Amino acid sequence: MSIRATSLGFPRVGLHRELKKALEGYWKGQSSKVALLSVGAELRARHWKLQQDAGLDHVPSNDFSFYDQILDMSCTLGCIPQRYGWKGGIIDMDLYFAMARGRQTVADDVTAMEMSKWFDTNYHYLVPEFASHQTFKLSSTKVFDEYLEAKALGVETRPVLVGPLTYVSIGKYAAGADADTDRSALIPRLVPIYIEILTKLRNLGAQWVQIDEPALVLDLSEPYRNACSVAYRQIAAAAPGVNILVATYFDGLRDNAELAFSLPVAGIHVDLCRSPGQANTTANDPDRILEECIAKAGDKYLSLGVVDGRNIWRNDLYASLQRVGKAVAKLGADRVFVAPSCSLLHVPVDLGVEQQLDAGIRNWLAFATQKLGEVVTLAAGASAGKESIRAALEESDARHLDRNTSRRIHNQAVKLRLEAITPAMMTRRSSLSERRKLQREILGLPQFPTTTIGSFPQTHEIRQARALRKKGDMDAVDYRNAMQKEIKTVVDYQLQIGLDVLVHGEPERNDMVEYFGEQLSGFAFTQNGWVQSYGSRCVKPPIIFGDVSRPSPMTVQWAVYAQGLTDKVVKGMLTGPITILQWSFVRDDQPRAITQRQIALAIRDEVDDLERAGIRMIQIDEAALREGLPLRRADWQSYLENAVTDFRIASCTVEDRTQIHTHMCYSEFNDIMPSIAAMDADVISIETSRSQMELLNAFVSYRYPADIGPGIYDIHSPRVPTVEEMVALLTKARQVLAPEQLWVNPDCGLKTRSWPEVQRALENMVAAARLAREETSGTG
Ligand code: GLN
Ligand code: ZN
């Protein structure tokens with residue numbers, strides 16, 4: 001028996017984002033359900049074939065999803081929130097998309113399920129929602145259908161399920177449910193469904209089933225650990241004859257290693273890539289993790305995640321081969337799988353189509369398709385000896401040497417500047433309260449000032465102008481005119497509906513990170529490097545390959561133009577260092593913290609220039625601060641310290657009169673309030689509407705000193721909230737926040753929405769703020 005080449009999941013959106021197009025066509029009513037289903041089937045077939053042809057021994061199935069694999073799991077388990085009026089039975093597509101996106105028809109008006117970030121990735125899942133007496137029931141045939149579908153195509157697959165521990169620990173009790181109940185108590189109730197699924201899969205012929213339990217890399221409380229042990233004991237006892245691989249990823253197992261390896265399952269998958277070479281702690285040193293796993297494996301199969309599923313650098317085949325070799329020496333070839341560290345969902349599909357990428361940089365990279373090749377090569381090399389993959393090893397060494405010694409990576413001026421950072425550079429001139437007083441006087445805003453988060457709808461014309469400019473088919477003057485026209489439309493509109501603090505609308509930005517990356521040095525870009533963010537939404541993360549600096553201003557001309565159109569304040573709009581780092585593929589040859597600090601200095605330069613150009617308010621978006629938080633608490637402090645320092649380096653250059661805003665999406669602040677406050681922004685806007693202001697609980701226990709705009713319009717749903725709903729949310733917010741602290745704004749930017757939706761929603765929002773003002777002045 002030779003070492004098996006395996007994978008945990010493949011990107012499903014398609015090389016040319018076929019799934020995105022099919023979904024959006026279907027949602028707009030432009031194409032039929034049949035058409036959507038056939039695009040799904042075509043993508044699955046293509047990806048299975050591709051993986052089989054690459055030479056994988058285990059090809060995953062059920063990793064496909066029309067929206068989200070956690071939503072699929074909720075359907076499989078029959079965990080459907082009450083508001084969708086589900087009567088049992090098989091869940092159809094309308095219900096499925098209603099949960100994903102909300103539903104607003106004449107007859108019906110129901111909100112979407114809450115979204116949250118999948119561990120520390122930029123992928124959003126739909127949060128399982130449990131009722132007080134939640135029961136579960138097998139309610140979808142998807143996993144069986146897809147297994148059989150692949151089989152019919154001649155591909156034997158390893159079906160993937162999200163495991164009970166993970167499913168429960170990433171879920172939440174519905175508002176009003178008995179939230180005091182320990183959620184771990186739900187795990188035993190799920191066991192019968194898993195048994196039913198596994199039994200059925202075995203009867204259909206499945207040899208292996210992959211159960212994803214990334215929750216095993218989290219800090220787990222005793223009830224969860226116990227529930228997990230008991231659940232797997234019962235599952236294994238009742239569903240014999242099928243090999244279960246429990247897949248863990250996104251970090252090492254640390255104190256859960258004992259638990260994971262004690263589960264009576266056939267195999268364990270471990271992530272040996274998390275921050276290799278840039279680990280903050282010895283706890284995620286891959287060689288140590290590997291040794292521990294080998295020692296604990298006993299007679300289990302060990303699946304080694306040696307190819308990074310979260311980043312796009314070519315694998316160091318020699319180093320990986322040695323690791324695989326160590327495992328083989330102890331466990332035997334038969335017991336070792338080679339694999340990517342996690343599902344390849346988090347990397348683009350194929351480097352092969354990146355014809356425009358600088359060839360020098362291209363040589364350093366590997367996308368999903370190339371990573372499968374690396375896995376297969378490593379398995380072959382470990383089975384037949386390193387001579388058998390000699391050419392691949394030599395190529396890998398040469399490419400790594402080329403990268404490490406490349407002059408394009410190192411910029412001495414940047415390194416020196418980093419060393420010269422002083423404490424004064426991270427401190428505002430006066431305290432928050434002094435600044436607040438001054439800013440109130442100068443800005444003269446009404447109570448509950450209304451604003452937006454920055455972007456306005458990206459219309460077809462805007463995208464077209466950007467595309468033409470990129471291709472060189474539009475000259476700089478025409479492009480500037482087109483953007484200015486759009487900015488004027490957006491500014492005029494905001495004036496017309498009476499918003500208090502305006503934005504220019506960000507028409508020039510394809511993406512809040514890519515836009516900056518394109519103008520910073522040290523970044524490279526792909527044409528097709530799409531990664532799914534949520535539903536049909538994809539992002540194209542930049543690649544940070546070298547030292548970062550800002551050659552010239554990036555946003556000043558647009559902000560200045562917008563400000564010139566009105567006497568009202570226009571907020572300058574920047575993306576912060578943490579978010580730029582978090583949403584890029586980051587070089588792995590130095591600690592992430594250093595790269596982040598370089599970006600902070602670049603943003604500081606831009607803040608300086610904006611202020612000098614007369615911009616009085618500057619928002620620095622740190623949308624990704626929370627999701628970048630290490631999964632283990634032990635690692636939080638150093639991350640947060642760096643985050644705070646870098647935000648301050650970026651922002652603290654301004655005069656007291658200049659108001660610094662920050663914005664964060666999907667943030668749960670409970671445990672990090674002191675750090676959020678330590679960033680010392682004057683105003684923060686956050687996402688809160690989908691969770692009905694639940695997130696504000698953090699502000700009860702910790703009095704946040706600055707101003708806050710809790711979002712009252714869920715921009716991730718096409719649904720338009722009514723004035724009453726928004727007033728109700730504001731009322732809730734006022735129970736927690738002082739009236740003079742409160743700003744009124746949407747959850748996030750409006751770029752993904754259409755103008756008609758945005759108009760209705762913003763007009764309602766302005767009306768809601770007026771009502772709130774009347775109410776407070778009425779009550780004195
Ligand atoms: N300013 C950005 C926008 O409005 C913020 C987006 C975000 O937080 N994701 O689009
Ligand atoms: Zn946001």
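Treat the numbers as computed from the prediction; the structure is a model and nothing was measured. For the single chain, residues carry numbers from 1 onward in sequence order. Atoms within each ligand, like the ligands themselves, are counted from 1 in listed order. The figures that follow rest on heavy atoms only: side chains count, while hydrogens, waters and symmetry mates do not.
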- [ ] Show the protein residues that qualify under the rule heavy atom under 4.0 Å from an atom of ligand 1, listing them in chain and number order.
- [x] Ile453, Gly454, Ser455, Glu506, Met512, Met573, Asp621, Ala623, His663, Cys665, Cys748, Gly749
Residues 493-500, side-chain donor-acceptor partners within the protein, below 3.5 Å, at least two apart:
unit_1: Tyr493; atom_1: OH; unit_2: Gln759; atom_2: O; d: 3.4
unit_1: Tyr493; atom_1: OH; unit_2: Glu763; atom_2: OE2; d: 2.8
unit_1: Gln494; atom_1: OE1; unit_2: Val503; atom_2: N; d: 3.0
unit_1: Gln494; atom_1: NE2; unit_2: Val490; atom_2: O; d: 3.1
unit_1: Gln494; atom_1: NE2; unit_2: Val503; atom_2: O; d: 2.7
unit_1: Asp500; atom_1: OD2; unit_2: Thr450; atom_2: N; d: 2.8
unit_1: Asp500; atom_1: OD2; unit_2: Thr450; atom_2: OG1; d: 2.9
unit_1: Asp500; atom_1: OD2; unit_2: Arg773; atom_2: NH2; d: 3.0

Open item on the list: Please report, to 10°, the angle around the Zn ion (ligand 2) from atom SG (Cys665) across to atom SG (Cys748).
Closed with: 120°
Task: Result of checking Asp707, Asp656, Asp680 against Arg435 for salt bridge (charged side-chain N to carboxylate O under 4.0 Å, His left out) - done: Asp680
Open item on the list: Strictly by ring pair (Phe, Tyr, Trp, His ring centres under 6.0 Å), give each pair with a member in residues 553-579 just once, sequence neighbours left out.
Closed with: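 Counting only pairs at least two positions apart or across chains, no ring pair (Phe, Tyr, Trp, His ring centres under 6.0 Å) contact touches residues 553-579.
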Task: Gln557 and Arg480: side chain donor to acceptor below 3.5 Å - done: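 Not at all, the side chains of Gln557 and Arg480 share no donor-acceptor pair under 3.5 Å.
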Open item on the list: Going by side-chain hydrogen bond (donor to acceptor under 3.5 Å, both in side chains), Gln619 matches just one of Lys571, His661, Gln659. Which one?
Closed with: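 So, applying the side-chain hydrogen bond (donor to acceptor under 3.5 Å, both in side chains) to Gln619 and each of Lys571, His661, Gln659, only Lys571 qualifies.
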TODO: Can you tell me which residue pairs pass the salt bridge (charged side-chain N to carboxylate O under 4.0 Å, His left out) test with a partner in residues 716-726, sequence neighbours excluded?
DONE: Asp109-Arg719, Arg719-Glu725
